Amino acid sequence: MDSIGTNTAPGAGATPTTAPAAATAPAPAPAPFPAPDLVTVSVRQGLEAVDIIRRGAGRAAPAVGPVLHDGSGDTLGFLVPPGTADAWDLPGSACTQTNGRGMRFGDLATPTAGGTGWLLPPEAVGPVTDPEVLRAALGEAARLIEAADNCR
C-alpha cells in the first residue's frame with residue numbers, strides 16, 4: 001500500500017504518517033434572498049410610477065424592480081426591500097411584509113396567487129425598487145393624474 005504522506009520519524013521501525021485527504025465538501029448554499037415587502041397601489045397610479053421611474057433611469061436614478069399585477073387589473077405591487085413596511089406612510093398605497101409568503105425566486109418566477117402575474121418579472125429587472133425612488137414616483141404620478149382629471 002502506498003503512503004500519501006512523508007515518514008518524518010527518526011530511526012528504524014517508524015510508522016509512516018499520511019496527510020489528511022483534501023475535503024471535498026459541497027460549496028455552501030447561497031444565503032436565502034431576504035423576503036421583500038410589497039407596496040400596492042391602484043393600477044393607474046402604479047403604471048404612471050413605472051413610467052416615471054423608467055424615464056428617470058437614464059439620469060442615473062435606480063431602475064424599477066419587479067412589479068406584480070393582480071388578476072382583476074385593479075392593483076400593482078412593487079417589490080421593495082424588507083423593512084420598508086415599518087415606515088411606509090404614503091396615502092393611496094399600502095406596504096405589507098411578505099415574510100416570503102408566495103415569493104420564490106430563482107427556480108420559479110411565477111406568482112402563485114390565482115390570476116396574478118408579473119408586469120415586470122424579476123429576471124427582467126433589478127431585485128427590488130428603491131422605496132425613496134418609488135415614493136417620489138408615486139407622488140409625481142398622483143399629481144399627474146389629478147391634473148389630468150381636472151382638465152376634463
Side-chain angles (χ1 to χ4, degrees), residues 4-6 8 17-152:
I4 299 174
T6 306
T8 58
T17 59
T18 57
T24 56
F33 186 86
D37 288 350
L38 183 70
V39 173
T40 54
V41 296
S42 71
V43 72
R44 186 175 179 201
Q45 185 177 11
L47 289 172
E48 285 290 341
V50 166
D51 287 344
I52 290 165
I53 294 170
R54 286 188 145 185
R55 283 192 316 262
R59 295 187 306 257
V64 67
V67 178
L68 288 163
H69 65 82
D70 67 353
S72 66
D74 294 334
T75 60
L76 290 184
F78 292 82
L79 297 185
V80 293
T84 301
D86 297 337
W88 191 263
D89 62 352
L90 188 65
S93 67
C95 187
T96 55
Q97 296 175 337
T98 66
N99 296 321
R101 292 182 309 263
M103 297 289 184
R104 288 181 56 193
F105 292 96
D107 61 338
L108 178 66
T110 304
T112 57
T116 300
W118 292 111
L119 176 67
L120 298 172
E123 62 272 7
V125 292
V128 291
T129 301
D130 180 286
E132 294 305 314
V133 170
L134 180 58
R135 182 184 308 275
L138 290 172
E140 185 177 340
R143 290 186 295 278
L144 289 171
I145 290 167
E146 182 179 6
D149 288 349
N150 288 336
C151 289
R152 293 182 189 183

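As the structure is a prediction and not an experimental result, all values here were calculated from the model. Just so you know, these numbers use all the heavy atoms, side chains as well, and skip hydrogens, waters and symmetry mates.
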Chemist: Measuring only between side-chain heavy atoms, which start at C-beta, is Thr75 closer than 4.5 Å to Ser42?
Modeler: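 SC-SC contact between Thr75 and Ser42 ruled out.
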Chemist: Can you name the closest pair of heavy atoms from Pro66 and Pro121 and give their distance?
Modeler: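 Looking at all heavy atoms of both residues, the shortest contact is CB-C, 4.4 Å.
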Chemist: Any side-chain heavy atom of Leu68 within less than 4.5 Å of one from Leu38?
Modeler: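 Side-chain contact under 4.5 Å: yes.
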Chemist: Just one of Leu79, Val80, Leu90, Val41 clears the side chain to side chain contact (heavy atoms under 4.5 Å, CB included) bar with Leu134, so which one?
Modeler: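 So the option named by the test is Val80.
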Chemist: Not counting sequence neighbours, which residues clear side-chain hydrogen bond (donor to acceptor under 3.5 Å, both in side chains) with Asp89? List them please.
Modeler: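 With neighbours one apart ignored, the set is Arg135.
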Chemist: Quick one: pull up CD1 in Ile145 and CG in Asn150 and give me the separation to the nearest 0.5 Å.
Modeler: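 Taking CD1 in Ile145 and CG in Asn150, the distance rounds to 12.0 Å.
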Chemist: State, to 0.1 Å, how close Ala49 and Leu138 come at their nearest heavy-atom pair, and which atoms those are.
Modeler: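 Reported closest heavy-atom pair: CB-CD2, 3.6 Å.
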Chemist: Please identify each residue that fulfils side-chain hydrogen bond (donor to acceptor under 3.5 Å, both in side chains) with Arg143, with sequence neighbours left out.
Modeler: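 Counting only residues at least two positions away or on another chain, Arg143 forms no side-chain hydrogen bond (donor to acceptor under 3.5 Å, both in side chains).
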Chemist: Please step through side chain to side chain contact (heavy atoms under 4.5 Å, CB included) for the pair His69 and Val43, ending with a clear verdict.
Modeler: CA-CA 8 Å; His69 65 82; Val43 72; 5.8 Å; no
Chemist: To check you understand the geometry: which heavy-atom pair defines the closest contact between Cys95 and Asp37, and what is its length?
Modeler: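 Distance-wise, the nearest heavy atoms are SG-CB, 3.9 Å.
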Chemist: Search all heavy atoms of Ala94 against all heavy atoms of Trp88 and return the closest pair with its distance.
Modeler: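 Reported closest heavy-atom pair: C-CD1, 4.3 Å.
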Chemist: Salt bridge check, Arg44 against Asp74: does any charged N sit closer than 4.0 Å to a carboxylate O?
Modeler: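 Result for this pair is no, no salt bridge flagged.
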Chemist: Of Val50, Leu120, Thr84, which meets side chain to side chain contact (heavy atoms under 4.5 Å, CB included) against Phe78?
Modeler: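 Considering Val50, Leu120, Thr84, a side chain to side chain contact (heavy atoms under 4.5 Å, CB included) with Phe78 is found only for Val50.
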Chemist: Tell me the closest heavy-atom pair linking Ala63 and Ile53, and the distance in Å.
Modeler: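 Taking Ala63 first and Ile53 second, the nearest heavy atoms are C-CG2, 3.9 Å.
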Chemist: With a 4.5 Å cut-off on side-chain heavy atoms, are Pro122 and Pro127 touching?
Modeler: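 Heavy-atom side-chain distance check fails, nothing below 4.5 Å.
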Chemist: Under the criterion side chain to side chain contact (heavy atoms under 4.5 Å, CB included), which of Leu119, Val125, Leu47 is the partner of Val67?
Modeler: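 With Val67 as partner, Leu119, Val125, Leu47 yield a single side chain to side chain contact (heavy atoms under 4.5 Å, CB included), made by Leu119.
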